[in-house]
Amino acid sequence: MSSVATPGPASVSGRLCFTMIVLILATTGINGTVHVSTPPVVEAEIGKPIDITCVPEISTPSSVKYVQWFVEEKNFRKRIYFQDGESRIVDNETDYTGRIKVDENYTLTISSIELGDEQTFLCQVGAGPAGSDEGTTELKVFDAPELPEIFPNEASISVLEKEPSQIATCRTRNGYPAPSITWYKDRTPLQATTKMDNKMYVTSQATQEPSGLYTIVSTLHYAPEKKDKDSKFYCEVSYRMPLGVDKMKESQKISVSINYPTENVEFVFQPSVLKESDNVSMECRSDGSSNVEYTFYRVLNGEEEILESTGNTFELSGVQRMDSGVYGCKVLDFDVLHKDFNANKTIIINYLDSITLEPKGPYTFTVGAKDKTIHCSAKASQQTSVIWKKHKKTISSENVLQLPVVTFDDSGMYTCEVTVQNIPSLKRQKSINVLVKGSPEVNCTERTFYKNGPYVNLTCIFKGNPAPKVTCSGGKKVPAVRTHQQNNYIVVSELILPLTVEMLKVTCNGTNKHGSKTHNFTVDGETVAVSTRSPTAETVAVSTRSPTAGMSHTRSSGGMLIIVIVVCIILLAFLGAVLYFLYKKGKIPCGRSGKQDITRTDAHDDIVVEVKNDQKVPEETVLLQGVNGEKKPPNDQ
């Protein structure tokens with residue numbers, strides 16, 4: 001602790017002695033200098049520590065040194081620290097007692113900066129005979145303001161006002177030094193002045209709180225336009241922090257309720273494409289925001305018929321084609337009563353009538369009939385497209401179903417589908433049943449196969465309308481025939497028989513009220529002969545298929561003929577060899593020609609007889625020696 005003592009005789013004599021020593025040293029030429037360096041300005045943030053350096057430079061060595069730190073308050077210097085040799089004292093009852101310390105390099109550290117610390121600090125260093133010096137530092141204090149608050153004007157602002165209206169007020173608190181406020185619209189700064197203007201100006205007020213910090217309040221006055229109806233307004237607080245750093249904080253963005261008169265009116269309806277039974281919603285749109293009234297109407301016989309509505313919408317439910325016409329709306333704006341706002345559109349209700357078929361039916365045709373057609377059409381508000389389907393498959397993309405030659409397969413359910421081309425959801429369809437009548441037709445097939453023995457499968461498909469009644473007979477050895485009806489005009493019969501040597505005859509007959517058809521099978525171990533008659537019979541010879549290694553092969557009648565011819569040639573060759581042998585033994589007398597040597601070497605060339613039929617078969621060749629050296633014609637050989 002520092003103390004203040006009344007100077008006595010000893011202290012006076014000490015001072016006098018010290019002064020005399022200094023004068024003696026000066027007069028004897030022993031001089032020295034002291035220079036102290038401190039930063040001219042130090043910036044600090046409130047609540048954070050700060051260091052102020054003090055660097056002495058002494059020209060001559062001296063062991064007598066002292067250091068003192070002072071603070072200037074209103075042109076009055078007050079010491080806050082003293083150091084002499086090993087003695088270090090922090091002065092009591094100052095604003096820095098308990099908040100400062102000085103290190104071995106004489107640097108002053110303030111632990112927590114306060115607003116009142118914005119003063120001038122002095123560092124004084126004495127070096128005995130070398131003298132003393134001091135340096136000064138100005139401490140600048142900064143504090144960031146709070147996030148700015150914005151308070152919009154709750155009342156609506158009209159663009160018809162002749163003077164700028166209050167838009168909002170912005171307030172920021174506890175900043176130091178006093179911050180500044182800038183106004184923005186859609187991120188564009190507003191060049192507002194503090195003087196009243198016809199377009200825009202601001203009023204600002206700065207208040208220093210008891211804490212010494214500043215509160216800034218700024219109010220924006222602005223004359224809005226219609227284009228500002230969707231704009232966002234906000235304020236920005238700019239302030240500076242230590243080391244020359246400029247910072248800013250933004251407030252929330254607000255919208256301002258702006259009233260502007262009507263300039264245009266639009267009439268719309270949904271859905272844009274209408275058909276009968278739809279619900280229609282009509283809307284009248286005004287581009288003004290002021291208080292307006294809406295009136296809907298319909299034009300009938302050249303006059304406007306008022307429609308009862310509420311607000312700016314009107315509904316029609318379950319519309320019909322008769323509801324087509326001109327609809328519109330009118331807007332009455334009380335801010336511009338001298339203007340008439342009107343808009344209208346023509347609404348078309350599309351329709352599609354029931355489908356008409358020509359001829360009307362019933363659609364019963366006789367098998368074999370030619371050039372049968374069915375026309376499909378429907379009246380509509382727009383162009384239509386027509387397709388014909390059978391069993392969900394499109395068979396024609398025209399409005400005419402054509403049957404060039406009627407067959408039993410033309411029987412069935414047909415659907416005509418009519419669609420309005422520009423409105424896919426507007427469609428109709430109508431189904432008809434085509435009936436083809438006629439006496440039975442039959443198509444029979446046989447198939448041989450091997451399964452623990454040779455078998456033949458006899459299948460007949462009868463077509464007719466009414467569906468034929470099918471019966472098959474072949475005696476007691478023929479098993480029951482499996483018969484099933486595929487649809488209303490096709491009946492299938494199937495019979496499986498083993499192939500044996502014994503011949504069997506099977507007859508299948510299909511009958512309806514228009515006639516009958518019979519098919520005959522002849523089955524034995526070699527062939528299966530089939531015939532169909534109605535009324536005359538046709539006969540076809542079909543070879544059996546002999547099984548080999550579990551598979552069936554077919555031999556044609558031509559193949560059988562080739563085998564017979566080859567066998568005959570072999571027999572003839574054998575017979576010729578026997579006759580020649582008997583001749584050599586003398587068992588057979590010879591005529592004149594027989595006296596000649598049949599072994600002559602000058603005989604003519606050998607005769608080759610080649611037998612062929614229409615199909616490619618193995619060739620058989622017989623070599624005969626000519627008699628009396630003459631070639632015999634083939635018929636004589």
Side-chain angles (χ1 to χ4, degrees), residues 367-368 407-409 437-565 567-568 613-615 617:
V367 66
T407 66
F408 285 117
D409 291 335
K437 64 181 180 179
S439 60
E441 297 176 354
V442 66
N443 180 22
C444 295
T445 60
E446 60 84 20
R447 181 178 64 87
T448 58
F449 62 94
Y450 187 84
K451 186 176 182 182
N452 299 327
Y455 286 85
V456 63
N457 183 312
L458 309 178
T459 301
C460 287
I461 300 176
F462 287 89
K463 295 181 180 180
N465 197 337
K469 181 179 180 182
V470 178
T471 59
C472 292
S473 62
K476 296 182 180 179
K477 295 185 178 181
V478 176
V481 178
R482 291 186 297 176
T483 303
H484 65 277
Q485 184 170 337
Q486 285 189 353
N487 51 38
N488 60 354
Y489 69 94
I490 295 179
V491 179
V492 179
S493 67
E494 186 178 23
L495 178 62
I496 298 177
L497 297 174
L499 282 174
T500 61
V501 178
E502 182 179 357
M503 180 181 295
L504 292 176
K505 291 186 177 182
V506 179
T507 300
C508 289
N509 176 267
T511 304
N512 65 9
K513 66 179 181 178
H514 300 295
S516 64
K517 198 75 165 182
T518 301
H519 193 88
N520 295 322
F521 295 95
T522 300
V523 183
D524 59 21
E526 294 293 333
T527 61
V528 179
V530 298
S531 67
T532 304
R533 69 176 188 276
S534 177
T536 60
E538 302 175 35
T539 302
V540 180
V542 181
S543 68
T544 61
R545 300 183 178 99
S546 59
T548 302
M551 300 178 63
S552 59
H553 302 278
T554 303
R555 293 180 298 175
S556 66
S557 59
M560 293 294 294
L561 180 60
I562 293 172
I563 294 173
V564 171
I565 293 175
V567 171
C568 290
N613 72 345
D614 294 336
Q615 300 186 22
V617 298

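All of these numbers come straight from a predicted model, not from anything done at the bench. We're numbering straight along the sequence, starting at 1.
- Between Ser516 and Thr511 the shortest heavy-atom distance is CB-OG1, 3.4 Å.
- Between Lys463 and Pro468, the closest heavy-atom pair is C-CG, 4.0 Å.
- Pro440 places none of its side-chain heavy atoms less than 4.5 Å from the side chain of His514.
- Minimum heavy-atom separation, Lys451 to Tyr455: O-CE1, 3.2 Å.
- In this structure, Phe408 and Ile490 have side chains that are not in contact, with every pair of non-hydrogen atoms separated by 4.5 Å or more.
- In this structure, the side chain of Asn488 does not engage the main chain of Ala467 through any donor-acceptor pair within 3.5 Å.
- Here the shortest heavy-atom pairing between Val481 and Cys472 reads CG2-CB, 3.2 Å.
- Cys pair Cys508/Cys444: SG-SG separation is not below 2.5 Å.
- The residues Glu494 and Arg482 are annotated as salt-bridged, a charged nitrogen and a carboxylate oxygen being separated by less than 4.0 angstrom.
- Considering every non-hydrogen atom in both Ile496 and Phe449, the closest pair reads CG2-CZ, 3.9 Å.
- A donor atom on one side chain and an acceptor atom on the other are not found under 3.5 Å apart for Thr518 and Asn520.
- With rounding to the nearest 0.5 angstrom, the SG atom of Cys460 is 12.0 Å from the NZ atom of Lys517.
- Judged by distance alone, the side chains of Thr459 and Asn457 do bring a donor and an acceptor atom under 3.5 Å apart.
- Expressed to the nearest 0.5 Å, how far NZ of Lys469 lies from CG of Asn509 amounts to 10.5 Å.
- Pairing each heavy atom of Val367 with each of Thr407, the nearest pair is CG2-CA, 4.0 Å.
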